[in-house]
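Each remark here refers to the structure printed beneath this line.
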Amino acid sequence: MLDINLIREEPDLVREALRKRQLDPEPVDQVLELDDQRRNLIQQVEGLKAERNLVSKEIGKMKDQSERQAKIDQMRGVGERIDALDINLREVEDRLEALMSEMPNIPDPDVPLGIDESQNVIIKAVGKLPEYDFEPQPHWDLGPALGMINFEQGVNIAGSRFYVLSGAGARLQRALIAWMLDLHIRQGYIEKYTPFMVKSEVLYGAGQLPKFADNLYRDHKEDLWMVPTAEVPLTGLHMDEILDEAALPLHYTAYTPCFRREKMSAGRDVRGIKRGHQFDKVEMYKFCKAEDSPAEFEKMVADAEQVCAELGLTYRINQLCTGDLGFGAHITYDIEAWAPGVGEWLEVSSVSNVGDFQARRANIRYRLEEGGRTRFVHTINGSGLGLPRTLIAVMENYQQVDGSVIIPPVLRPWMGGIVQIHPEG
RNA sequence: GGGGAGGUGCCAGAGUGGUUGAUUGGGACCGCCUGCUAAGCGGUUAACGGGGCUAAAUCCUCGUUCGCGGGUUCGAAUCCCGCCCUCCCCGCCA
C-alpha cells in the first residue's frame with residue numbers, strides 16, 4: 001500500500017512510477033478525487049458528531065422535561081444526517097481502498113528502466129559455464145533413470161504438473177532444505193515453522209490479495225488459503241504490532257511448501273520439475289528500520305548467493321527492470337543458477353526490498369526509543385532457495401558420464417554418507 | 001463436536017445507559033527530595049483519522065477505538081443480535 005499522503009502531495013511521482021511499470025497512471029486521478037470526497041465527508045460528519053456529543057452531554061444534565069425533550073427531538077434529526085453521511089463516507093472509503101490496494105509499489109530510482117524481462121540487467125556472474133565431454137542430460141531424463149523422480153505417479157494422484165520424488169531424490173531435497181536452514185541460522189536468521197494455511201487478511205497484508213486471488217488455492221468453506229510462499233505467513237507474524245526499535249532488525253527463515261494455481265501457459269516449462277502447483281522453498285525474511293533496509297537487502301542477496309556458492313553452482317545476479325518488477329517490490333534481484341541439462345539459467349532465488357509497502361498493509365510499526373510517532377517497518381524477502389530448481393541445478397551440474405550424480409560435499413552429512421547416486425538396475 | 005467461564009489501556013484489574021478515554025494498583029518515564037541506594041512527594045504514560053497553527057512538529061482542536069461486526073438510543077465499555085478468540089471439563093484423534 002502506498003502512503004495516501006505521497007499520492008496527494010506528489011501525484012506526478014506516482015504517475016511516473018506507474019508508467020515505468022508499463023501501467024496506466026489513471027488510477028492516481030481517481031484516488032485524488034476520492035480522497036478529496038473522503039475528507040470533505042469527514043469534515044461534515046465529524047462536525048455533526050461533535051455537535052451531537054456536546055448536546056447529548058447537556059441532555060444528561062437537564063432537569064426541565066419539555067426543554068429536554070426538545071433537544072432530544074433536535075438531535076434525532078442530527079443523528080439521521082450522521083447516519084446518511086456515514087453510509088456515504090463508507091462507500092467512498094471502500095472505493096478508495098479498492099483502488100489503493102491494487103496500486104503497486106514505487107520502483108527504487110536505481111531500478112533500470114525497461115518494458116519487460118528482456119531488459120533486466122545482469123549485474124554479476126560467478127563461476128564458469130561447466131564443460132562436459134559428454135552430452136549433459138536434463139533432469140527429466142536423469143531423475144527417472146536414477147529413481148529420483150517419478151512423473152507418472154504424480155500425474156496419477158494429482159494431475160498434470162505434479163510429480164513424486166523418490167528414494168535419493170526425496171532425500172536430496174530434504175538434505176537441501178535442512179542444510180539451507182542451518183546455513184541461514186548461521187547467517188543470523190531465526191528459524192520459523194508456520195502454518196501453511198492463513199487467513200485472507202494475512203494475504204492482504206503481504207500484498208497477495210485482492211489482486212492475485214486467482215493464483216491461490218483456498219478452502220471452499222472457510223477463510224483459509226494455502227500459502228503461495230513463506231513470505232506470507234512470515235509477514236503476518238507481526239501484523240498489527242508496534243515493535244520496539246531495539247527489537248529490530250528481525251531476521252527469520254522458514255521452510256514451507258508453496259501452492260500456486262497459476263494458469264501455466266501450454267508449451268512452456270511443461271517438462272520436468274521447474275514449475276508446478278506445489279513446490280518447496282526455504283525463505284528468508286527481515287523486518288527492519290527504513291534507514292537500514294538498503295544494507296539489509298544487499299546482505300540478504302549475499303546470503304542467498306552463499307547458498308549457490310557453497311553448492312558449487314555457477315550463478316548470476318539479474319536485476320529486474322521496472323517493467324518486470326513484482327507488484328509489491330521496490331527493488332528486486334533474481335539469482336539464476338546454470339543448469340547444463342536443460343541448458344538454461346534457472347531462477348533459484350528472488351530477493352526484494354518492499355520498503356514499507358507490506359508494513360502499511362499489515363500494519364507493522366515500530367516506536368523510536370526517544371518516543372514520537374510510530375513508523376512503519378521495512379520488510380525484505382528472499383528465497384534461500386527454491387527447491388525444485390536447486391534440485392535441478394544440483395542434479396544436472398553434478399551428473400557424470402555414466403548417468404550417476406555426485407552429491408555436493410556440503411550435503412553429504414544430510415545424505416547418510418551417500419556420495420554418489422547411481423542408476424537403478 | 002458437547003457443556004461452562006471469559007475477552008477493558010504496557011500488565012493486573014474496576015466499571016451504575018449520561019463530564020468514563022475510561023476508578024485503582026503495578027511497571028516505565030520525567031521532576032523534587034536524598035551523602036548513595038531504598039523509601040517518599042508531584043507529574044506523565046494509547047493508536048489511528050480530519051482540520052488548524054507552523055519551516056516542521058512530540059503544539060491546538062474535533063472525531064473514532066473497551067475482541068470484531070451490526071442493532072436499540074438524543075447518548076453504549078454498559079442493553080440486544082451475529083461472529084471470532086482464549087481458558088476449563090467431556091468426547092474424538094496423529
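In what follows, every chain begins at residue 1, and chains take the letters A, B, ... in the order their sequences are listed.
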Any sub-3.5 Å donor-acceptor pair from A/Ser404's side-chain atoms to A/His422's backbone N or O? no
Rounded to whole Å, please give me the gap between CD1 in A/Ile82 and C1' in B/U64. 13 Å
Hey, does A/Lys49 reach any base, or is it just sugar-phosphate, or nothing, if we go heavy atoms under 4.0 Å? sugar-phosphate
Taking the six-membered ring for Trp, are A/Phe357 and A/His330 ring centroids under 6.0 Å apart? no
Please measure how far the C1' atom in B/G4 lies from the corresponding atom in B/C29, and state the result in whole Å. 43 Å
Would you say the side-chain atoms of A/Arg21 pair up with the backbone N or O of A/Asn105, donor to acceptor, closer than 3.5 Å? yes
Could you tell me whether the side chain of A/Glu46 has a donor or acceptor atom within less than 3.5 Å of a complementary atom in the base of B/G51? no
Between P of B/A47 and CE of A/Met239, the distance in whole Å: 20 Å
Which value, in whole Å, describes the distance between the C1' atoms of nucleotides B/G7 and B/G67? 6 Å
Write down the distance between CE (A/Met62) and C1' (B/U19), rounded to a whole number of angstrom. 16 Å
Gap between atoms CD and P, on A/Glu93 and B/U64 respectively (whole Å): 14 Å
With both distances under 3.5 angstrom, what nucleotide forms a Watson-Crick or G-U wobble pair with B/G27? B/U45
Any side-chain N or O of A/Arg365 under 4.0 Å from OP1/OP2 of B/A47? no
Measuring to OP1 and OP2 of B/C74, would you say a side-chain N or O of A/Arg76 lies under 4.0 angstrom away? yes
Let me know the distance between CD of A/Gln65 and P of B/C74, rounded to the nearest Å. 14 Å
Contact nearer the 5' end of RNA chain B, comparing A/Asp83 with A/Arg367: A/Arg367
Considering every strand shown, what is the Watson-Crick or G-U wobble mate of B/A76 when both distances are under 3.5 Å? none
So A/Ile59, base contact, sugar-phosphate only, or nothing? Heavy-atom distance under 4.0 Å. base
Between P of B/G75 and CD of A/Glu58, the distance in whole Å: 15 Å
Just N and O in the side chain of A/Arg8: are any of them under 4.0 Å from OP1 or OP2 of B/G50? yes
Please give the distance between the C1' atoms of B/G15 and B/G21 as a whole number of Å. 13 Å
A/Phe259 ring center within less than 6.0 Å of A/Phe196 ring center: no
Step through the shown structure and confirm whether more than 12 heavy atoms of other residues, nucleotides or ligands are within 6.0 Å of NZ on A/Lys199. no
C1' atoms of B/A76 and B/U65, separation to the nearest Å: 13 Å
B/G49 C1' sits how many Å from A/Leu34 CG, rounded? 17 Å
Look at the side-chain N and O atoms of A/Arg39 and state whether any lies under 4.0 Å from the OP1 or OP2 oxygen of B/G63. no
If you check the A/Ser56 side chain, which of B/A47, B/G50, B/G18 turns out closest? B/G18
Roughly how far apart, to the nearest Å, are B/C32 and B/G26 at atom P? 22 Å
Centroid-centroid distance, A/Tyr252 to A/His238, less than 6.0 Å: yes
Given B/C74, B/G51, B/A47, the nucleotide with the shortest approach to the side chain of A/Ile72: B/C74
May I ask you to check whether A/Phe212 and A/Phe327 place their ring centres under 6.0 Å from each other? yes
For A/Arg360, report the nucleic acid contact type (base, sugar-phosphate, nothing); a contact means any heavy atom under 4.0 Å. nothing
What nucleotide among B/C74, B/G50, B/G70 has an atom nearest to a side-chain atom of A/Met75? B/C74
Between C1' of B/G63 and CG of A/Leu54, the distance in whole Å: 13 Å
Taking only side-chain N and O atoms of A/Asn53, does any of them lie within less than 4.0 angstrom of OP1 or OP2 on B/G18? no
Using purine N1 to pyrimidine N3 plus N6-O4 or O6-N4 for Watson-Crick, or N1-O2 and O6-N3 for G-U wobble, both under 3.5 Å, which nucleotide pairs with B/G6? B/C85
When you measure only distances, ignoring hydrogens and angles, does the side chain of A/Arg68 come within 3.5 Å of the base of B/G18 through a donor and an acceptor? yes
Under 4.0 Å between a side-chain N or O of A/Arg373 and OP1 or OP2 of B/G49? yes
A/Thr374 side-chain N/O to B/A47 phosphate OP1/OP2 under 4.0 Å: no
Options B/A47, B/G50, B/G63, nucleotide nearest the side-chain atoms of A/Ala50: B/G63
